[in-house]
**Q** 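Before I ask anything, let me first share the structure, which is written out below as structure tokens.
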Amino acid sequence: MDKFAITGGTVLEGEIPAGGSKNSALPALAAALLTAEPVTLRRIPRVRDIRTMQRLLVDIGCKVEAEGETVRLETPAIACPEAPYELVKTMRASSLVLGPLVARCGRARVSLPGGCAIGARPINLHIFGLEQLGARIEQSHGYIEAQAPEGLRGAPVHFDRITVTGTEDLMMAAVLAKGETVLRNAAREPEVADLACLLVAMGAEIEGAGTSTIRIQGVERLHGAVHEIIPDRIETGTFLIAGAITGGDVTVTGCAPEHLGALVSKLQQAGVDVTQPGAGSLRVRGGGRLRSVDMTTEEYPGFATDLQAQYMALMTQAGGIALIVETIFENRFMHAQELARMGANIRWDGKQAIVAGPRELTGAGVIASDLRASASLVLAALAARGETVIDRVYHIDRGYEKIETKLARVGARIRRVE
Ligand code: EPU
């Protein structure tokens, strides 16, 4: 298993290009199952979760050709409408094939995801929504089987709670259903709007994506399309925090500043200088005294849970006390234990953590427990005195493309140990 060896204390300076959004690319790849015609996706990040999704699509009957960041997908017929446990257990986003499969061929068999490091993460809302659209769903042997031999029919669906992939799954099911579907209390994440943009390019009729009410008029069939994935706002945010935590001067280029309002606001309140030098770039300049600022995670446009761990690392270097509340997942403070091993002063209980700073961090051996927790350990290591060795960096490879290369180009002393 690979490790990262990071020697902290370098001030990061320079430009880092943003990659395409992993969480936008995953549903976009699944959407290719909705048509027999070729779908070409640009700016697909080369990360492990994307490779897992591509493997799943190949098993289902999709021809996948990747060249650099461009992926061409063609699914003349569905050979096997199934997502097996072996893949779903490694990546819950596999459940994104459920909606497209039922919509395209009236049948899907998808493994239930089981436990996850950051919380229970059930898919009951995906199932409920498909039932509203007329699918018959049965559960046995750890799998759910959905059937809609006569096709799905449009219906109103009100989500009990906001779910990102649930909204995406239902949107993909509804585009080929008969009649109108209205999704209420839908997720407003930019990734949902990006998926709608692709589906519309494929011939779907969708209004309101990016708001909490999405109206979908089902169409007979979809056609091929070419679509470019939006920049990854979580990767961008991670690099901005890297600039801030090292007191550096880092510009992320090719990003979408409009998707990062909540983080930019917190950074500014914490005393970091954040500017937008161009339409698609954000620059942070640290170096002054950092102030502690409380933060609560929320659905978009609130502060993203996927940046909570990285923000906690930053708060270890801020003067004062920061209360961090995680409202989306039940168990997303696993990085706190590791940050404490590096010298951070953190107390946590359930959904709340209190970080008192600034505390000098010192390099230590730490273990990455999930994707974003690993990113927070990388950030802490950049600010720490001495060397930190982060074990199990396969977690970070799930969602960050060559993070060590991108950080090294702005001066970080980081190397991958195989
Ligand atoms: N939930 C249910 N029932 C459902 C679906 C969700 O109770 O049927 C609960 C979840 O357990 C959670 C909350 O609702 O407590 C929100 O979950 P959501 O469904 O929105 O999460 P997700 O769609 O599974 C996506 C991202 C996550 C990100 C969350 C929240 C993808 C592929 N994944 O997950 O990204 O944290 O939204 O923004 O889009 C990551 O990239 O590191 C990551 C975990």
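Values below: all heavy atoms of this structure, side chains included; hydrogens, waters and symmetry mates excluded. Just so you know, ligand 1 is whichever comes first in the structure, and atom 1 is the first atom listed for that ligand.
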**Q** Can you list the ligand 1 atoms lying under 4.0 Å from a non-hydrogen atom of T305?
**A** 30 (C), 36 (O), 38 (O)
**Q** Need the ligand 1 atom indices (1-based, order shown) with element for anything under 4.0 Å from a heavy-atom of T165.
**A** 22 (P), 23 (O), 24 (O), 31 (C), 32 (C), 39 (O)
**Q** May I ask whether R92 places a heavy atom under 4.0 Å from ligand 1?
**A** no
**Q** One residue to check: R121. Relative to ligand 1, which of side chain, backbone, both or neither has a non-hydrogen atom less than 4.0 Å away?
**A** both
**Q** Can you tell me which residue and heavy atom of the protein come closest to atom 20 (O) of ligand 1, and the distance to 0.1 Å?
**A** V164 N, 2.8 Å
**Q** Please state which protein non-hydrogen atom is closest to atom 33 (N) of ligand 1 and give its distance, to 0.1 Å?
**A** N23 ND2, 3.6 Å
**Q** Suppose I only count heavy atoms of K22 and a 4.0 Å limit; which atoms of ligand 1 are within that range?
**A** 40 (C), 41 (O)
**Q** How far is atom 27 (C) of ligand 1 from its nearest protein heavy atom, and which residue and atom is that?
**A** D306 OD2, 3.8 Å
**Q** Could you tell me whether the side chain of Y400 reaches within less than 4.5 Å of the side chain of I234, counting heavy atoms only?
**A** yes
**Q** Within the side chain of S369, is there an N or O that forms a donor-acceptor pair under 3.5 Å with the backbone of M334?
**A** no
**Q** Please indicate whether any nitrogen or oxygen in L371 is less than 3.5 Å from any nitrogen or oxygen in ligand 1.
**A** no
**Q** In the protein, what heavy atom is nearest to atom 8 (O) of ligand 1, and what distance, to one decimal place, separates them?
**A** L125 N, 2.7 Å
**Q** Between ligand 1 and E191, can you find any atom pair, the residue atom being a heavy atom, that is separated by under 4.0 Å?
**A** no
**Q** Is it true that H227 and D194 share a donor-acceptor pair across their side chains at a distance under 3.5 Å?
**A** yes
**Q** With no hydrogens and no angle check, just 3.5 Å: does a side-chain donor-acceptor pair link S265 and Q269?
**A** yes
**Q** For Q268, I'd like to know if atom CD has over 12 heavy atoms of other residues, nucleotides or ligands within 6.0 Å.
**A** yes
**Q** Closer than 4.0 angstrom: is that true for some heavy atom of R332 and an atom of ligand 1?
**A** yes
**Q** Please check whether P122 reaches ligand 1 - meaning an N/O of the residue sits under 3.5 Å from an N/O of the ligand, judged on distance alone.
**A** yes
**Q** Taking both backbone and side-chain atoms of N124, is any N or O found less than 3.5 Å from an N or O belonging to ligand 1?
**A** yes
**Q** Among R416, K402, R48, whose salt bridge (charged side-chain N to carboxylate O under 4.0 Å, His left out) with D397 holds?
**A** R416
**Q** What is the nearest protein non-hydrogen atom to atom 19 (O) of ligand 1, stated with its residue, atom name and distance?
**A** T163 OG1, 2.7 Å
**Q** Does S111 reach the main-chain N or O of Y143 with its side chain, forming a donor-acceptor pair under 3.5 Å?
**A** no
**Q** Examine I328 against ligand 1 and note whether any of their N/O atoms are separated by less than 3.5 Å.
**A** yes
**Q** Is it true that H335 and Q310 share a donor-acceptor pair across their side chains at a distance under 3.5 Å?
**A** no
**Q** Nearest heavy-atom pair of N23 and R372: which atoms, and what distance?
**A** ND2-NH2, 4.4 Å
**Q** At less than 4.0 angstrom from any non-hydrogen atom of H126, what atoms of ligand 1 do you find?
**A** 8 (O)
**Q** Starting from atom 21 (O) of ligand 1, find the nearest protein heavy-atom neighbour and note its residue, name and distance.
**A** F329 CZ, 3.9 Å
**Q** Side chains of R72 and T40: do they bring a donor and an acceptor to under 3.5 Å?
**A** no
**Q** Identify the protein heavy atom lying closest to atom 41 (O) of ligand 1, giving its residue, its atom name and the separation to 0.1 Å.
**A** R372 NH2, 2.8 Å
**Q** Under a 3.5 Å cutoff, is there a donor and acceptor pairing between the side chains of H395 and D370?
**A** no
**Q** Can you give me every donor-acceptor pair (side chain of residues 145-154, partner residue at least two apart or in another chain, under 3.5 Å) with its distance?
**A**
none

**Q** For a quick check under 3.5 Å, do Q276 and S281 share a side-chain donor-acceptor pair by atom type?
**A** no
**Q** What I want to know is whether E168 and ligand 1 share at least one N or O pair that is separated by under 3.5 angstrom.
**A** no
**Q** Could you work out, for atom 9 (C) of ligand 1, the closest of E235, R398, R161 by heavy-atom distance?
**A** R161
**Q** Do G166 and ligand 1 have an N or O pair less than 3.5 Å apart?
**A** no
